[in-house]
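Heads up, the thing below is written out as structure tokens.
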Amino acid sequence: MKIPKNYNPKEVEQKWQNYWEKNKIYKFDPKSKKKIYSIDTPPPTVSGKMHLGHSFSYSQMDFIARFKRMQGYNLFYPFGTDDNGLATERLIEKEKKVKAKEMSRKDFIKLCLTTLKTLRKEYLRDFKLIGLSCDWDIFYTTINDHCRKISQKSFIDLYKDKRAYRIKSPITICPHCNTAIAQVETEDKDKESTLNYIKAKLETGDYIIYATTRPELLPACVGITLDKNGTYVRAKKDNEIWIISKEAFDRFKDEWKLVKKEEIKGKDIVNKIVTLPITNAKLTLLHDTEAKTEYGSGIVYWCTYGGVECLEYLERHPEIEPIHIMDLSGKHILGPYKGLNSTEARKKVLKDLKDNNALVLMEKIKHTVNVHERCGTDIEYVSTEQWFIKYLDLKNKFLKAGGKLNWHPDYMKHRLYNWIKGLKWDWCISRQRFFGVPFPLWYCKSCGEVILADEKDLPVDPLKNKPKKCKCGSKEFIPEKDVLDTWATSSMTPQIAASLFPKVYDKLYPMSLRPQAHDIITFWLFNTMVKSQLHNNINPWKDVVISGWALDPKGKKMSKSKGNVIEPQEMMGKYSADSLRFWAASTKLGEDSSFQEKELISGQKFSTKLWNASKFSFMHLKEYKPKKPKNLETIDKWILIKLNKIIKDSTKSFENYEYSKTKADVENFFWNTFCDHYLEIIKDRLYNADKRGIKGKKSAQFTLYHSLLAILKLMSPIIPHITEEIYQLYFKKHEKQKSIHISEWPTQFKIVDKKTERIGDEFIQILNKVRKFKTQNKLPLKHEITLTIPNKNKLKDVLEDLKAVTKAKEIKQGKLNIKKL
RNA sequence: GGGCCCGUAGUCUAGUGGUUAUGACGCCACCCUUACAAGGUGGAGGUCGGGUGUUCGAUUCACCCUGGGCCCACCA
């Protein structure tokens with residue numbers, strides 16, 4: 001077989017990707033008796049293009065998959081896409097330049113489904129390009145019938161278990177997207193705002209001053225509080241008496257021209273009636289534990305709902321009735337600002353307050369607000385009917401379950417613990433959106449009962465389908481229009497994938513491994529664990545491996561808005577998929593990596609070196625017969641001993657999911673020990689068999705064959721394309737497997753000679769000294785010398801090799817000495 | 001404010017309670033050696049973020065400080 005002079009990754013990578021897919025190299029065999037290793041592959045959200053972070057973490061998971069497959073496992077390695085929910089709606093709106101709100105639900109869903117068909121295909125191609133060894137026939141999308149059915153069944157089971165419940169409750173909503181959103185869908189944004197100091201009249205005739213960033217919620221004010229043990233000041237301002245905390249007085253006395261009349265305690269004015277400006281609503285001034293004298297004016301007002309703190313206030317004072325002022329669109333539904341949203345109402349209320357002489361000061365502040373991560377809109381808290389999964393009572397159970405997972409790296413478990421401990425709300429699973437899995441239920445029009453879909457009819461769409469009748473006899477129903485939160489479905493990927501093979505379901509679930517990146521521990525990992533625990537009382541997987549993030553060259557998160565996005569497609573085009581994977585393998589599991597384009601050169605160079613070393617090897621293996629010679633030369637045994645160590649260490653590293661260690665060890669062994677030393681040593685025996693004897697050549701050939709094959713196999717999980725190409729070019733005709741990726745993982749050679757390693761090591765030391773001597777004397781490495789060595793007798797079996805590789809005319813016994821000729 | 005992770009040469013990175021701190025890119029010098037100049041050999045480059053402590057000995061362990069990242073909470 002003629003081997004091309006240069007390696008062409010573009011052609012070769014495509015060729016083998018096609019071959020693997022066509023020959024179903026990575027096919028899961030449900031009938032096989034081999035032990036199953038199952039991977040709960042993350043279904044990426046279809047978002048147009050695979051990004052660099054994907055190629056980073058999916059490569060890392062693929063290293064493990066390929067290793068396990070070669071170890072002899074029957075690999076269950078599916079691939080799915082997550083393509084419903086808000087993210088998908090946004091994508092379709094952008095791609096098709098439409099607005100979901102302005103279309104009929106039916107048309108929008110239809111558009112989503114048809115558009116996704118094309119997008120999904122293009123998106124999947126990206127993942128195939130990096131050489132993922134998934135069984136692409138095991139495929140699901142979280143919006144298909146199979147997933148809808150499982151998701152709806154899950155809901156029905158949880159409802160029957162009294163875990164799913166519907167309640168009118170304050171929930172975070174996005175006024176822009178018109179939907180409820182979960183805790184995890186929000187992010188922080190630093191904004192400039194004003195802390196507004198507002199005057200309200202007390203029944204005594206004095207005025208209290210309260211401070212707020214949400215003045216527009218005045219019509220929804222449900223409490224004004226202070227600290228009963230705090231010190232406040234009655235101060236004269238023109239003809240009025242103002243009451244603020246002592247700290248506030250000290251801060252503002254000059255600016256506001258206040259004259260202190262007396263100091264009082266908060267309790268002196270508790271229970272007095274306050275009249276609010278504009279609305280003239282009357283409230284009782286109360287004590288509250290959260291009112292602190294040092295912030296603002298020391299007097300707090302609470303609304304429905306200014307934020308979490310207002311929710312908590314109402315929890316502390318259950319006797320107070322909330323005033324629901326907003327609907328899902330974020331607009332006021334009552335009061336003087338009816339029809340306006342928060343921004344509009346705020347502008348207007350501030351003007352009105354000013355006109356009423358009630359606005360004392362607008363203090364500029366910077367504060368952090370919660371915004372919807374998908375659109376950047378400030379979130380609001382609104383009370384609406386939503387479906388929840390009850391789980392706050394199970395925090396301890398989840399903590400225990402989390403601890404039972406084998407975390408790699410171990411410390412990542414703290415992120416889950418931290419999250420569980422901080423949970424405050426049950427899981428809100430309803431979304432007022434369109435493209436998602438529908439709730440499988442209706443409400444009876446006459447008695448209001450919840451009517452669940454029949455399990456045998458799943459999946460259902462309550463807007464299209466109808467139940468037979470209600471228990472009360474009524475045949476009129478109101479369908480639930482809401483859809484399930486996308487995580488309610490994607491949290492079932494282990495069950496979704498496993499149930500594609502019902503006969504071996506029990507062997508697939510719980511899965512062996514969940515690989516994912518660290519940013520979604522708190523939702524995807526946590527939610528999946530929750531579902532598995534709620535339904536089956538078990539963990540969904542045994543092991544968890546957590547990948548880091550690919551960051552930009554400066555170590556910052558990549559984002560379109562920052563313009564620092566690096567496209568993996570471009571990098572693969574410029575270098576190769578193997579180079580990109582080689583880079584992904586150079587970072588420890590869990591560690592973030594800032595991407596430096598020059599690092600792809602390392603992978604490229606490694607490929608070139610591997611190619612050239614193979615080219616050399618095959619030149620000398622033309623007439624090779626796979627038969628072990630009776631006696632191996634000492635140096636050949638030496639390299640096999642070194643190889644054994646690498647095989648042992650690599651296997652162990654891989655078993656601990658430390659692929660980066662395997663990669664580094666093999667890389668070093670190959671380049672240094674194998675190429676720079678071993679290949680140079682055996683050249684003479686291979687080229688000059690007439691002088692050195694055929695036995696020496698056969699020994700070298702045998703060793704060369706097996707060590708190169710082992711190196712290829714050890715590296716094949718990391719760089720699958722070039723290793724396959726080299727395997728196919730030569731090794732395949734001697735080996736039984738039609739792909740290196742389903743060949744056996746290398747095992748150690750049986751070599752018992754203990755002295756050999758020391759002899760070889762001493763040999764290398766002498767060789768290094770000779771090379772140094774030649775370089776320092778500016779001689780070419782082939783320059784001939786006379787060599788004197790201290791242990792000539794010990795090295796008697798390798799003297800011919802030593803002579804050849806050092807170009808020594810003669811080797812003498814004595815103190816180490818090198819002389820040029 | 002809380003949790004977790006990280007800080008090692010110009011850049012990226014390995015690593016360990018103990019001789020001279022690993023490798024790669026880049027840099028310098030030499031070598032066209034029958035696989036490979038996209039190579040080989042040799043070299044320069046580091047107060048292992050700063051401080052304190054534990055120890056015979058700390059880059060490694062503990063504490064504090066500082067810078068960065070991610071997650072969470074958050075001030076009316």
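Every chain is numbered from 1 and lettered A, B, ... according to where its sequence line falls, protein lines coming before strand lines. Keep in mind that what you see is a predicted model, and the values were worked out from it rather than measured.
At a threshold of 4.0 angstrom between heavy atoms, the contacts of Ile521(A) with the nucleic acid are absent. Nucleic acid contact for Glu667(A): none, since no nucleic acid atom lies under 4.0 Å from a heavy atom of the residue. Across all strands shown, Ala613(A) has heavy atoms under 4.0 Å from base atoms, whether or not it also approaches the sugar-phosphate. Counting any heavy atom pair closer than 4.0 Å across all strands shown, Thr608(A) reaches a base atom. In this structure, Gly603(A) reaches neither bases nor backbone, as no heavy-atom distance under 4.0 Å exists between it and the strands shown. Residue Met619(A) is in sugar-phosphate contact alone, with no base atom involved, counting any heavy-atom pair closer than 4.0 Å across all strands shown. No contact: Lys661(A) has no heavy atom under 4.0 Å from any strand. Within 4.0 Å of Tyr301(A), counting heavy atoms only, lie sugar-phosphate atoms of the nucleic acid but no base atom. Across all strands shown, Asp592(A) has heavy atoms under 4.0 Å from sugar-phosphate atoms exclusively, and none from any base.
Nucleotide C4(B): paired with G69(B) (Watson-Crick or G-U wobble, both distances less than 3.5 Å). If you check C32(B) for Watson-Crick or wobble pairing at under 3.5 angstrom, you find it has no partner at all. Using the Watson-Crick or G-U wobble rule with both distances under 3.5 Å, U59(B) pairs with nothing in any strand shown. Here G46(B) sits opposite no nucleotide as a Watson-Crick or G-U wobble pair (both hydrogen-bonding atom distances under 3.5 Å).
Where Asn668(A) and Ala291(A) meet RNA chain B, the nucleotide closest to each residue was compared, and Asn668(A) sits on the side nearer the 5' end. When each of Lys615(A) and Cys310(A) is assigned the nucleotide of RNA chain B with its nearest heavy atom, Lys615(A) is the one assigned upstream, toward the 5' end.
Using a 4.0 Å cut-off, no side-chain N or O of Trp671(A) falls inside it from OP1 or OP2 of C36(B). Between C74(B) and Lys424(A), a contact under 4.0 Å exists linking OP1 or OP2 to a side-chain N or O.
Rounded to whole Å, atom C1' of U34(B) lies 14 Å from atom CG of Asn612(A). Spacing between atom CD of Glu599(A) and atom P of G10(B) amounts to 17 Å, rounded to whole angstrom units. Between the CD atom of Glu658(A) and the P atom of A14(B) there is a distance of 12 Å, rounded to whole Å. Here G42(B) presents its P atom at 9 Å from CG of Asp676(A), a figure rounded to the nearest Å. Remark: P of G23(B) and CZ of Phe606(A) are 17 Å apart, rounded to the nearest angstrom. If you take NZ of Lys574(A) and P of A38(B), they are 18 Å apart, rounded to a whole angstrom. Nucleotide A37(B) holds its P atom 6 Å from the NZ atom of Lys5(A), rounded to whole Å. Atom C1' of nucleotide G3(B) and atom CH2 of Trp407(A) are separated by 14 Å, given to the nearest angstrom.
Using C1' as the reference atom, A37(B) and G69(B) are 41 Å apart when rounded to the nearest Å. Nucleotides U20(B) and U34(B) place their P atoms 40 Å apart, quoted to the nearest Å. For the C1' atoms, the distance linking A24(B) with U13(B) amounts to 8 Å, nearest Å. To the nearest whole angstrom, the two P atoms, one in U33(B) and one in A38(B), are 15 Å apart. Between U60(B) and G50(B), the two P atoms lie 10 Å apart (nearest whole Å). Taking atom C1' on both nucleotides, U52(B) is separated from G18(B) by 22 Å, rounded to a whole Å. Going from the P atom of U8(B) to that of G49(B) covers 6 Å, rounded to whole Å. Comparing U59(B) with G51(B), their P atoms are spaced 11 Å from each other, to the whole Å.
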Point to revise | CA sep, side-chain torsions, deciding dist, call: Tyr678(A), Phe670(A), side chain to side chain contact (heavy atoms under 4.5 Å, CB included) | key: CA-CA 10 Å; Tyr678(A) 181 70; Phe670(A) 163 71; over 6 Å; no
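Phe398(A) and Phe526(A) have their aromatic ring centers within a separation under 6.0 angstrom.
Of the possible polar contacts, one joining the Thr662(A) side chain to the Ser650(A) backbone as a donor-acceptor pair under 3.5 Å is found. The closest donor-acceptor contact from the side chain of Ser57(A) to the backbone of Gly53(A) lies under 3.5 Å.
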Write down the protein N/O and nucleotide N/O pairs, taken from nucleotides 5-9 of chain B, whose separation is under 3.5 Å; answer none if there are no such pairs.
none

Hey, what are the protein-to-nucleotides 29-33 of chain B N/O distances that come in under 3.5 Å?
none

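Applying the salt bridge (charged side-chain N to carboxylate O under 4.0 Å, His left out) criterion to Lys615(A), with sequence neighbours excluded, gives no partner residue. When the side-chain contact (heavy atoms from CB on, under 4.5 Å) test is applied to His677(A), the partners found at least two apart in sequence or on another chain are Asn672(A), Ile764(A), Leu767(A), Asn768(A), Arg771(A). Residues that satisfy the salt bridge (charged side-chain N to carboxylate O under 4.0 Å, His left out) test with Glu11(A), not counting sequence neighbours, are absent from this structure. For Lys819(A), the side-chain contact (heavy atoms from CB on, under 4.5 Å) partners are Thr786(A), Asn817(A), not counting sequence neighbours.
Atoms CD1 and NZ, on Ile718(A) and Lys663(A) in that order, are 8.0 Å from each other to the nearest 0.5 Å.
Distances from the side chain of Lys598(A) to the nucleotides U11(B), G3(B), G42(B) place U11(B) closest. Across C70(B), G2(B), U11(B), the shortest atom-to-atom separation from the side chain of Gln596(A) is found for U11(B). In the set C70(B), C36(B), C74(B), C36(B) carries the atom at the smallest distance from any side-chain atom of Lys609(A).
Side-chain contact check for Tyr391(A) versus Trp425(A): every heavy-atom pair is 4.5 Å or farther apart.
When every heavy atom of Tyr624(A) is checked against every heavy atom of His706(A), the shortest pair comes out as OH-NE2, 3.6 Å.
A cation-pi arrangement, defined by a distance under 6.0 Å to the six-membered ring centre and an angle within 45 degrees of its axis, is present between Lys683(A) and Phe616(A).
Taking the charged nitrogens against the carboxylate oxygens, Asp665(A) and Lys661(A) do have a contact shorter than 4.0 Å, which makes a salt bridge.
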